[in-house]
Amino acid sequence: MSEVPNLDPSTPPTPQQEPLVSLTGVSPRIDVYPFYYHNHLPGSVNDSFLRKGTVEKLINAAEQLPPGLKLVVLDGWRSYETQLAIYETIKKDLETQHLTPEEMQIEISKYVAIPTRDLMKPSPHLTGGAVDLTLANEQVWLNMGTGFDDFTEKAQLEWYERKTNLSHEEETIRDNRRLLRQVMETAGFVSNSEEWWHFDYGNRRWANATGRPILYYGIER
Ligand SMILES: C[C@@H](N)C(=O)N[C@H](C)C(=O)O
Ligand SMILES: [Zn+2]
């Protein structure tokens, strides 16, 4: 695992020097299902990694869940190759909609960050501070209204908050999204309005949303 070396042993490591840590086995309340590995995307591995400080926040979020529920991490740190593969897949899907180049750019940027190897201007998942996740009980993943990476309006975080005349099933979806958002935001993450499953801590998105300084730039494994 690569990390920026702290050359002066008298100074404590800065957040940017925090290593990436595997999520496997960090908490009985956190399962890991590396979605892009299971879907054979280039640059993916059979594990998920986050910055050490982000892992601590995630454990804190998991411990706030009611008994019997857990977090299921679908993706954490993401390689440039995987980000590029996701970007190309979404672009190809949108090409069937015959959008203008401007409309295409607006649509793509709602769902996926531009792939880059620039560690100073990284996509959120390249920082090790972004995580995609859902909720599960002992048997199944909870109903969140859409699947992961379902890039439709229903994936918007507040879709079921805005909808009126909710059915019983829709109320359950709304409550499941509320619960995930509540434990993640209480632990210090910020949510994403377009994707109920995506949360950030320490990276540029988080800094912009909270007014705090950026803790994490890009990092390579
Ligand atoms: C592709 C999706 N799972 C995701 O992570 N989207 C955000 C915006 C990203 O690419 O950083
Ligand atoms: Zn994400």
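All ligand and atom numbering here is 1-based and tracks the order in the structure.
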Review point. Between OD2 of Asp132 and NE2 of His125, what angle is found at the Zn ion (ligand 2), rounded to 10 degrees?
Key: 90°
Revision key, fill the gap. Pocket residues around ligand 1 (non-hydrogen, under 4.0 Å) come out as Tyr36, Arg78, Gln83, Ile86, Tyr111, Val112, Ala113, Pro124, His125, Asp132, Phe148, Asp149, Phe151, Glu195, Trp197, His198, Arg205
Check your understanding: With side chains defined as the heavy atoms from C-beta onward, is the minimum distance between Ile59 and Arg29 less than 4.5 Å?
Key -> no
What side-chain donor-acceptor pairs closer than 3.5 Å can you find for residues 42-50, not counting sequence neighbours?
residue : atom : partner : partner atom : Å
Ser44   : OG   : Tyr36   : O            : 3.4
Ser44   : OG   : Leu41   : O            : 2.5
Asp47   : OD1  : Ser22   : OG           : 3.3
Asp47   : OD1  : Thr24   : OG1          : 2.6
Asp47   : OD2  : Ser22   : OG           : 2.7

Review point. Trp197 and ring pair (Phe, Tyr, Trp, His ring centres under 6.0 Å): which partner among Tyr33, Phe35, Phe148, Tyr111?
Key: Phe148
Would you tabulate the side-chain donor-acceptor contacts of residues 203-214 under 3.5 Å, counting partners in other chains and residues two or more places apart, or write 'none'?
residue : atom : partner : partner atom : Å
Asn203  : OD1  : Arg205  : N            : 3.3
Asn203  : OD1  : Trp206  : N            : 3.1
Asn203  : ND2  : Asp200  : OD1          : 2.8
Trp206  : NE1  : Gly188  : O            : 3.1
Thr210  : OG1  : Trp206  : O            : 2.8
Thr210  : OG1  : Arg212  : N            : 3.3

Point to revise | Separation of Gln182 CD from Leu179 CG (nearest 0.5 Å) | key: 6.0 Å
Review point. What N, O or S atom of His198 is found closest to the Zn ion (ligand 2)?
Key: ND1
Review point. Are more than 12 heavy atoms from other residues, nucleotides or ligands located less than 6.0 Å from atom CG of Leu119?
Key: yes
For residues 87-98, run the donor-acceptor check on the side chains, cut-off 3.5 Å, and write out each pair with its distance to 0.1 Å, sequence neighbours left out.
residue : atom : partner : partner atom : Å
Thr89   : OG1  : Ala85   : O            : 2.7
Thr96   : OG1  : Asp93   : O            : 2.7

